Visitor: 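So that we are looking at the same thing, I have put the structure below in structure tokens.
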Amino acid sequence: VCSSDLGGMMLNYLRSEWYRILHGREIYLFTGVLCAIVLAANVILWAMAHTPNFPYATVRFSLSNLVSMMGLLFLMAGLLVWVLFGDDRANGTFKNALANGLSRRGLFVGKCLVSVVLGLTSMAVVLAVYIGSAMLLLEGPAAESVGYLLRGVASALPFTVACVVLAVAVFAVIPKTVSAFFAWFAVVVLVPQVFLLIGQAVQPVAALASWLPWNFFANEVFVNQAGLAAFLWDTPAGLAKCLIAGFVGIAAFAAVGLWRADKVEL
């Protein structure tokens, strides 16, 4: 099969997936629920502003919640792939794509591309609702808080993409969606925490644990209402750690996904 035929098959697959997803309800529900959650959080803070001595109805406090829990982006990446492709085995989409001539590796790459594009679009909408509602409803200056939030999201973006790639690989290998998501969760969340715990007694393990994104985004970011803040991504070394860990994750998970793609049983 020539490269132009392979490219045509990939484009056809991407078009079909784009059509299927945009004419379904999953991505809209996923994005809508997240928008509802962040909007509700800001509405609650706005309502509590009328309580005497309540100091948290500020843009800074609202946006700092995501800044201090940037790992939520990783979890949303895994959930997104589950929502988009978790039922591929059951509904026959996997077999149909292969029957139309697309290779298993091509299918893996196509799912990654679709997930990343839709994930970025969904994230942009949710951030717009999150930031916009905070600025409209809450008190205090917004420019500084919005700036450190967006820089934090940008620094976490490479590993968020890596989480998408890993999820696509895991869901292709493990037929049961709940088991697949648990395996993904173990790699992204549980293993780093186990390494962090062991690292308290074993220094080489501690060094490794400090380079795992779930750990360093949780432990090397600090912000409070008193104006104190320390952001990993605001230093050259910290930003380099975010980018290196993220792109290494993309490369490693993509390599594993491509290697396992040909071994997946229908």
Side-chain angles (χ1 to χ4, degrees), residues 27-80 118-161 163-164 188-189 192-193 196 210 212-243 245-246:
I27 188 64
Y28 302 107
L29 285 174
F30 178 82
T31 305
V33 168
L34 293 180
C35 287
I37 290 172
V38 297
L39 179 59
N42 285 332
V43 168
I44 290 172
L45 290 176
W46 169 78
M48 293 296 293
H50 304 290
T51 303
N53 301 319
F54 184 76
Y56 302 114
T58 64
V59 175
R60 179 184 177 87
F61 177 79
S62 175
L63 300 189
S64 68
N65 287 326
L66 178 56
V67 171
S68 60
M69 296 185 293
M70 203 61 72
L72 288 175
L73 295 179
F74 309 153
L75 294 178
M76 293 305 103
L79 287 173
L80 174 69
L118 288 173
L120 290 174
T121 304
S122 178
M123 183 177 69
V125 173
V126 174
L127 285 176
V129 172
Y130 183 27
I131 295 171
S133 62
M135 293 174 65
L136 287 172
L137 297 173
L138 305 177
E139 301 174 351
E144 181 183 11
S145 299
V146 172
Y148 65 61
L149 172 61
L150 295 180
R151 289 195 299 273
V153 169
S155 67
L157 196 56
F159 192 73
T160 304
V161 173
C163 288
V164 168
V188 174
V189 180
Q193 291 185 323
L196 190 65
S210 71
L212 299 179
W214 184 267
N215 291 338
F216 63 69
F217 275 107
N219 299 327
E220 298 183 43
V221 177
F222 172 78
V223 57
N224 67 12
Q225 285 298 93
L228 299 176
F231 304 119
L232 173 72
W233 49 82
D234 276 350
T235 66
L239 180 59
K241 177 187 279 192
C242 297
L243 298 180

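A quick note: this is a predicted structure, and the numbers were derived from the prediction, not measured. Atom set for the values below is all heavy atoms of this structure, side chains included, hydrogens, waters and symmetry mates excluded.
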Visitor: Can you tell me how the ring of F159 sits relative to the ring of F74, calling it parallel under 30°, perpendicular over 60° and tilted otherwise?
Guide: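 The arrangement is perpendicular - the two ring planes meet at more than 60°.
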Visitor: Between G238 and T235, what is the shortest heavy-atom contact and its length?
Guide: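 So the two residues come closest at N-OG1, 3.0 Å.
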Visitor: Is the shortest side-chain heavy-atom distance between T160 and M76 below 4.5 Å?
Guide: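 Counting from C-beta outward, T160 and M76 never come under 4.5 Å.
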Visitor: Quick one: pull up OG in S122 and OH in Y28 and give me the separation to the nearest 0.5 Å.
Guide: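 The OG atom of S122 sits 11.5 Å away from the OH atom of Y28.
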Visitor: With a 4.5 Å limit on heavy-atom distance, are the side chains of Y130 and L63 in contact?
Guide: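 In contact.
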Visitor: For residues L66 and L127, determine if any side-chain heavy atom of one lies less than 4.5 Å from a side-chain heavy atom of the other.
Guide: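 A side-chain contact exists here, since the closest heavy-atom pair is under 4.5 Å.
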Visitor: Tell me the closest heavy-atom pair linking Y56 and F61, and the distance in Å.
Guide: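 Closest approach of Y56 to F61: O-CD2, 3.3 Å.
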Visitor: Against L157, only a single residue in L73, L243, L120 fulfils side chain to side chain contact (heavy atoms under 4.5 Å, CB included); can you say which?
Guide: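 When L73, L243, L120 are each tested with L157, the side chain to side chain contact (heavy atoms under 4.5 Å, CB included) holds only for L120.
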Visitor: Measure the shortest side-chain to side-chain distance between T58 and L138 over non-hydrogen atoms and say whether it is less than 4.5 angstrom.
Guide: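 Answer no - side chains too far apart.
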Visitor: Which pair of heavy atoms, one from W214 and one from G71, lies closest together, and at what distance?
Guide: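 Looking at all heavy atoms of both residues, the shortest contact is CZ3-O, 3.4 Å.
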Visitor: Sequence neighbours left out, what passes side chain to side chain donor-acceptor pair (under 3.5 Å) with D234? Give chain and number order.
Guide: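 Partners of D234 under the side chain to side chain donor-acceptor pair (under 3.5 Å) test: R151.
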Visitor: Measuring only between side-chain heavy atoms, which start at C-beta, is L34 closer than 4.5 Å to V125?
Guide: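 Side-chain contact under 4.5 Å: no.
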Visitor: Indicate the atoms forming the closest heavy-atom contact of E220 with S210, along with that distance.
Guide: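 E220 and S210 have their closest heavy atoms at OE2-O, 4.0 Å.
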Visitor: Closest heavy-atom contact between N42 and A134?
Guide: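 Looks like ND2-N, 3.4 Å.
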Visitor: Less than 4.5 Å apart, any side-chain heavy atom of Y148 and any of R60?
Guide: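 When only atoms from C-beta onward are counted, R60 and Y148 do touch, with a gap below 4.5 Å.
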Visitor: Check whether any side-chain N or O of S145 sits under 3.5 Å from a backbone N or O of A142 as a donor-acceptor pair, and report yes or no.
Guide: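 Pair absent, no side-chain N/O of S145 close to backbone of A142.
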Visitor: With a 4.5 Å limit on heavy-atom distance, are the side chains of L196 and N219 in contact?
Guide: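 Yes. Closest side-chain heavy atoms under 4.5 Å.
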Visitor: Can you name the nearest heavy-atom pair linking F217 to C242, along with the distance?
Guide: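 Shortest heavy-atom contact: CZ-SG, 3.7 Å.
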Visitor: In Å, rounded to the nearest 0.5 Å, how long is the span from CE of M123 to OG1 of T121?
Guide: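 Answer rounded to 0.5 Å: 9.5 Å.
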Visitor: Which of these, V59, L45, I44, V43, sits in a side chain to side chain contact (heavy atoms under 4.5 Å, CB included) with L137?
Guide: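 Filter result, single survivor: V43.
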Visitor: Report, as yes or no, whether the 6.0 Å neighbourhood of atom CD on E144 holds more than 12 heavy atoms from other residues, nucleotides or ligands.
Guide: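 It does not: E144 CD has 12 such atoms or fewer within range.
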